[in-house]
Every structure is written in C-alpha cells, then in structure tokens.
There are 4 protein chains.
Amino acid sequence: MKLRIDLKSTIPVYRQIVDGLRILLVNGELNAGDQLPPVRRLALDLGVHFNTVAESYRTLAEEGWLDIERRNGARVVPRAVPSRADPQTEETFQRRLRELVAEVQSHGFPRGRIARELRQLAENLERS
Amino acid sequence: MKLRIDLKSTIPVYRQIVDGLRILLVNGELNAGDQLPPVRRLALDLGVHFNTVAESYRTLAEEGWLDIERRNGARVVPRAVPSRADPQTEETFQRRLRELVAEVQSHGFPRGRIARELRQLAENLERS
Amino acid sequence: MKLRIDLKSTIPVYRQIVDGLRILLVNGELNAGDQLPPVRRLALDLGVHFNTVAESYRTLAEEGWLDIERRNGARVVPRAVPSRADPQTEETFQRRLRELVAEVQSHGFPRGRIARELRQLAENLERS
Amino acid sequence: MKLRIDLKSTIPVYRQIVDGLRILLVNGELNAGDQLPPVRRLALDLGVHFNTVAESYRTLAEEGWLDIERRNGARVVPRAVPSRADPQTEETFQRRLRELVAEVQSHGFPRGRIARELRQLAENLERS
DNA sequence: GTGGTCTAGACCACG
DNA sequence: GTGGTCTAGACCACA
C-alpha cells in the first residue's frame with residue numbers, strides 16, 4: 001500500500017488518505033476487485049486511528065470507488081464511470097490549477113520547470 | 001478587483017483571497033507599485049470582515065508580494081523571486097498536481113480535456 | 001420460495017430473510033402446516049451461510065410463526081395472533097411509518113404517489 | 001426542537017436524529033432559512049455526544065436539506081427538490097412499506113387499525 | 001475478525 | 001463560539 005501521510009500538514013489526515021488512494025485508483029494501481037486492507041490494519045501501518053481510515057474508505061465508497069461490506073472489508077468496485085462531469089467542474093479545475101501554479105511560482109519554483117511538469121503529466125494522461 | 005469569494009466553500013475565506021490575488025500577481029495583472037484597495041473597501045466589496053482581508057494582505061506580505069505601511073495601505077513591491085525554490089517544493093507540487101487531477105478525473109472530467117488544460121497552461125507560462 | 005436478498009445492503013441478511021418470510025406469512029402465501037425448506041437448502045438458494053437462515057427461522061419461531069423440530073425442519077403453525085398488541089406498538093408504528101414516508105419524499109418521490117401506495121395497501125389489508 | 005431519541009434502540013442514534021429531523025423538514029415544521037441549534041447544544045439536550053449530532057447534520061447536508069457553514073452553524077436550505085426520484089425508489093418503498101406492515105401485524109396490531117393509519121397519513125400527504 | 005457506533009475530550013481553524 | 005478533526009478505546013452486530 002504505497003501511501004504516505006504527513007501528520008503535520010494542515011490538510012486533514014483522512015483527506016490525505018482519500019487523495020492518495022484516489023491517485024492509485026485513477027492510475028490503475030488499484031483495480032476492480034482488489035481488496036483493501038482492513039481499516040485497523042491500514043491505520044496501524046499509517047500510525048493513525050482506525051476511525052480516520054474508516055472515514056476515508058467511506059468517502060471513497062460514496063464517490064463510487066469502493067464497495068464496503070460489513071464483514072468483508074473494502075473492495076475496489078468495477079467503477080461505473082461517472083459518465084457526466086459536473087458542468088461546474090471544468091471552471092473549478094481551471095481555477096484550482098491556476099491557484100496551485102501561482103502558489104508554487106510564489107515559492108520560487110521557476111516557470112519553465114512548472115511548464116515541464118504540466119506537459120509531462122498531460123502526456124501521461126493521454127498515453128494511459 | 002477581479003476576485004470572487006465563495007462563502008460556502010470549506011476553503012477558508014482568507015485563503016481564497018490570497019489565492020485569488022496571487023494569480024493576479026503572477027499574471028502581471030497587478031504590478032510593482034500598484035496600490036491595493038484598503039482592507040475595509042475590499043472587505044465591503046467581498047462581503048467579508050475586514051480582518052479577513054487584512055489577514056490575507058499580511059500573508060502576501062510575508063510571501064514578499066506586498067508592502068504594508070501603517071497609514072498608506074498595501075502596495076505591490078518589485079518582487080525578487082526567492083532565488084531558489086524550497087527543495088521540497090517540487091515534490092509537493094507534483095503530488096498536489098496529481099491529487100488535483102485524480103480528483104477531477106474522479107468527477108468524470110475526461111482525460112483528454114484535462115491534458116488540454118495542462119498543455120494550455122504550460123504554454124501560457126512559457127510565453128509570458 | 002419467493003425471496004430476494006441484497007448482500008450489499010446495510011440491513012442484516014437475517015433480517016431481510018425474516019422480513020421477507022413474514023410478508024409471505026401475513027399474506028397467506030405460506031399457510032399453517034406448510035413445510036419450510038431446510039436451512040441448508042434455502043441458504044444455498046440465497047447464497048448465504050446456513051446459520052444465517054437458521055437464525056431467521058429461530059426469530060420467526062419466537063414470534064410464534066414457526067414450529068421448529070429437531071429433525072423435522074420448520075413448519076408454519078396455526079398462529080394465534082397475540083391477542084393484544086404491545087401498547088407501545090401503535091406509537092412506534094406511526095413513527096416508523098412517518099420516517100419511511102419522509103425518507104422517500106426526501107428522495108423525490110411525489111406525495112401523490114406515496115398517498116396512492118398507502119391507500120392501495122390499506123385496501124388490500126381490509127379485503128383479505 | 002421536538003425530537004426524541006431512544007438510546008436503547010438498536011437503530012443508531014445518529015440515524016434517529018436524521019429520521020426525526022427529516023420528518024420536521026418534510027412537514028414544514030422546519031423551513032428554509034431556519035437556524036438549527038449548534039451541535040453541542042442539541043447534543044446536550046438529547047444527552048448524546050456532539051459528534052453524533054454533527055454526523056446527523058452532515059448526513060442531512062449531503063441530502064441537500066441543510067447548509068452547514070463552519071462558523072455559522074447549520075441552516076435549512078431552500079431545498080432544491082430532488083427533481084427526479086430514483087427509479088428504484090418506488091419498488092424499495094413498496095417493499096419496505098409491506099415489511100413494516102407485516103411486522104406490526106406480527107405483533108398483533110389489527111389490520112383495521114393499520115389500514116386506518118395508512119389512510120390517515122395518505123390524507124395528510126394530499127392536504128398539505 | 002470485519003466494519004459500525006458512540007463517548008470523552010483535546011486541539012484546531014476560522015472570523 | 002462555531003464546526004471539524006483526531007485519538008483512545010469500549011461495545012455491538014454480523015457471519
């Protein structure tokens with residue numbers, strides 16, 4: 001379970017877990033049918049309370065990624081693609097993307113490098 | 001002052017203001033020497049408390065974008081970009097970028113469109 | 001055995017079985033003297049563990065619907081309806097009924113349709 | 001806040017709160033714009049932990065009934081009617097309704113009384 | 001052994 | 001003063 005948590009971050013741990021797992025999911029590193037570790041197990045690995053992990057699993061289940069059964073743990077579901085993107089999503093995405101870029105620019109990260117990262121990610125997206 | 005705030009968002013208002021202003025700053029829509037609106041004025045425009053705006057200005061001042069003087073309000077300074085980025089910035093940027101992309105993918109936003117947005121932004125960065 | 005189980009539901013399987021059988025019982029689709037399928041048989045049909053079915057039978061036996069004998073399986077008994085309802089039952093029924101209706105209203109089910117269902121069921125009850 | 005909780009019930013307290021509030025909401029006893037009590041306040045009134053109430057509020061917010069703002073508490077939202085009922089809702093409703101009725105019949109509640117309750121509720125629905 | 005519920009209570013971010 | 005997050009840990013229901 002390739003997953004890193006930063007307990008010091010202001011971003012809530014459960015959100016970090018959700019974000020991290022979602023990356024594995026969209027990248028196909030976690031596939032339909034895969035079993036996730038029991039909440040108490042992953043919690044132990046990450047050094048957090050099991051409730052925190054449980055909350056994360058529940059969030060992903062609501063998003064349609066996981067199927068949680070009381071006694072059988074959480075399993076990646078053959079995800080029905082959300083079919084239709086919220087029309088608002090595009091605008092939000094553009095704004096958040098520009099915010100993120102502005103922030104790292106602000107921290108002195110050079111434009112060229114940022115552009116390179118963006119292009120590289122774009123390629124990855126189209127190849128897979 | 002092209003700036004929108006969403007009071008319902010879970011993102012703190014002061015952060016939204018900082019993020020919004022920073023975009024204007026890196027895009028050159030706010031330039032060295034420009035005077036920012038008085039906190040009470042901007043607060044009124046946005047419908048928030050003036051302390052919230054003041055907090056935002058202070059944050060940007062700490063980042064080196066603004067110069068705040070007792071009675072003269074806030075002014076954009078000719079900003080020397082921090083010569084070298086925090087070594088941690090690159091990794092963080094990559095991670096946050098991938099998180100953002102995973103999230104919008106999760107919401108059904110098609111990969112091709114995401115890739116296009118990324119490429120377009122990369123171009124803008126290199127041109128300006 | 002007209003009975004459907006949803007393993008994904010949060011409602012316990014044994015409860016689903018009890019609820020389903022009880023409907024057959026009050027509707028007279030299962031009558032006094034009828035033999036129920038052996039627990040292992042029904043379990044196989046439903047794709048659940050036989051203990052789960054056994055638990056269901058036991059619950060219905062406690063309610064006075066079934067008679068379970070060591071080697072003869074479960075059989076519907078001529079049921080003397082408990083002469084008087086638990087005084088608390090009426091209040092509980094009203095509350096649960098209203099909860100159920102509020103929930104489906106909440107899901108966008110139109111009042112008219114709900115009312116129709118209620119009336120139809122009321123008729124069925126009085127006719128039989 | 002007309003709301004009763006049964007701590008002994010097997011139904012989770014937070015569900016009871018959700019169910020209870022939803023009745024007030026569909027009945028118009030809580031209207032758009034109304035402020036709900038702070039989580040800690042209601043929790044104290046009900047004798048439960050504030051987290052339990054918070055969870056309930058969050059659930060109703062997800063259903064679109066409430067609008068929760070970090071510092072301003074929870075407020076009833078001018079609910080956008082869910083427009084389209086899940087096609088599955090009708091079948092589920094019928095089943096659950098029949099399950100409920102079968103259960104109370106099982107407890108000795110006479111058919112005539114049940115029918116009367118159903119009719120009365122149907123009338124209430126159509127009148128309001 | 002699995003996830004769910006709930007409590008008690010600390011601490012945080014916000015405005 | 002508001003809701004949010006997290007922990008520690010008890011207890012429960014289910015299969």
Side-chain angles (χ1 to χ4, degrees), chain A residues 5 7-17 35-44 46-59 61 66-75, chain B residues 5 7 9-17 43 46-56, chain C residues 5 7 9-17 43 46-56, chain D residues 5 7-17 35-44 46-59 61 66-75:
Chain A
I5 297 307
L7 291 174
K8 290 184 206 147
S9 166
T10 64
I11 299 172
V13 176
Y14 89 94
R15 273 245 145 267
Q16 295 183 47
I17 298 175
Q35 184 83 28
L36 269 76
V39 288
R40 282 166 171 87
R41 177 80 162 74
L42 181 53
L44 204 64
L46 298 176
V48 301
H49 194 265
F50 77 86
N51 269 337
T52 307
V53 175
E55 175 67 18
S56 307
Y57 280 12
R58 251 175 260 135
T59 301
L66 302 185
D67 185 24
I68 303 175
E69 279 180 57
R70 287 242 186 196
R71 308 155 271 305
N72 301 322
R75 170 183 302 281
Chain B
I5 297 305
L7 291 173
S9 166
T10 65
I11 299 170
V13 176
Y14 92 96
R15 206 128 206 13
Q16 294 182 48
I17 298 174
L46 297 176
V48 303
H49 195 271
F50 77 87
N51 268 337
T52 308
V53 175
E55 171 69 19
S56 307
Chain C
I5 297 305
L7 291 172
S9 166
T10 65
I11 299 171
V13 176
Y14 92 96
R15 206 128 204 14
Q16 294 183 49
I17 298 174
L46 298 176
V48 302
H49 195 272
F50 77 87
N51 269 336
T52 308
V53 175
E55 171 68 19
S56 307
Chain D
I5 297 306
L7 293 172
K8 290 183 205 151
S9 166
T10 65
I11 299 171
V13 176
Y14 89 95
R15 273 242 144 270
Q16 294 182 48
I17 298 174
Q35 185 82 27
L36 269 75
V39 288
R40 283 167 169 86
R41 177 81 163 72
L42 181 53
L44 205 63
L46 297 176
V48 301
H49 193 265
F50 78 85
N51 267 338
T52 307
V53 175
E55 174 67 19
S56 306
Y57 280 11
R58 250 174 262 135
T59 301
L66 301 185
D67 186 24
I68 302 175
E69 279 180 57
R70 289 243 186 194
R71 310 156 267 309
N72 301 322
R75 170 183 303 281

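Side chains included, hydrogens not; waters and symmetry mates left out as well; all remaining heavy atoms used. Just so we're on the same page: letters track the sequence lines, and every chain starts at 1.
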Work out which heavy atom in [X] is nearest to a heavy atom in [Y]; give both atom names and the distance.
X: A:Glu69; Y: C:Leu7; answer: OE1-O, 4.0 Å
X: A:Ala74; Y: A:Leu66; answer: CB-CD1, 4.4 Å
X: D:Leu42; Y: D:Pro37; answer: CB-CG, 4.1 Å
X: D:Val39; Y: D:Tyr57; answer: CG1-CD2, 3.7 Å
X: B:Ser9; Y: B:Gln16; answer: CB-NE2, 3.7 Å

Seminar exercise, completed: Pairs under 3.5 Å (Watson-Crick or G-U), crossing ones as [ ], inter-strand ones as |: DNA chain F comes out as ||||||||||||||.

Exercise. Should A:Glu55 and A:Asn51 count as side-chain neighbours, where that means a heavy-atom distance under 4.5 Å?
Worked result: no

Problem set entry | First of D:His49 and B:Ile11 reached from the 5' end of DNA chain E, by closest nucleotide | D:His49

Problem set entry | A:Glu69 or D:Arg70, whichever maps to the more 5' nucleotide of DNA chain E | A:Glu69

Exercise. Got a second to check how far B:Leu46's CG is from B:Ser56's OG, nearest 0.5 Å?
Worked result: 9.0 Å

Problem set entry | D:Asp67 CG to D:Leu36 CG distance, which is reported to the nearest 0.5 Å | 11.5 Å

Problem set entry | Residue mapping more 5' on DNA chain F - nearest nucleotide basis, D:Ala74 or A:Arg71 | D:Ala74

Problem set entry | First encountered from the 5' end of DNA chain F, between A:Gly47 and D:Arg40 | D:Arg40

Just to be sure I understand the rule, does [X] reach a base, reach only the sugar-phosphate, or reach nothing, if contact means heavy atoms closer than 4.0 Å?
X: D:Asn72; result: nothing
X: A:Phe50; result: base
X: B:Val48; result: nothing

Exercise. Can you name the residues that form a salt bridge (charged side-chain N to carboxylate O under 4.0 Å, His left out) with D:Arg41, not counting sequence neighbours?
Worked result: D:Asp45

Problem set entry | Contact boundaries on DNA chain E for chain B, cut-off under 4.0 Å to non-hydrogen atoms | E:dC14 to E:dG15

Exercise. How long is the line joining CD1 of A:Ile68 and P of F:dC14, in whole Å?
Worked result: 18 Å

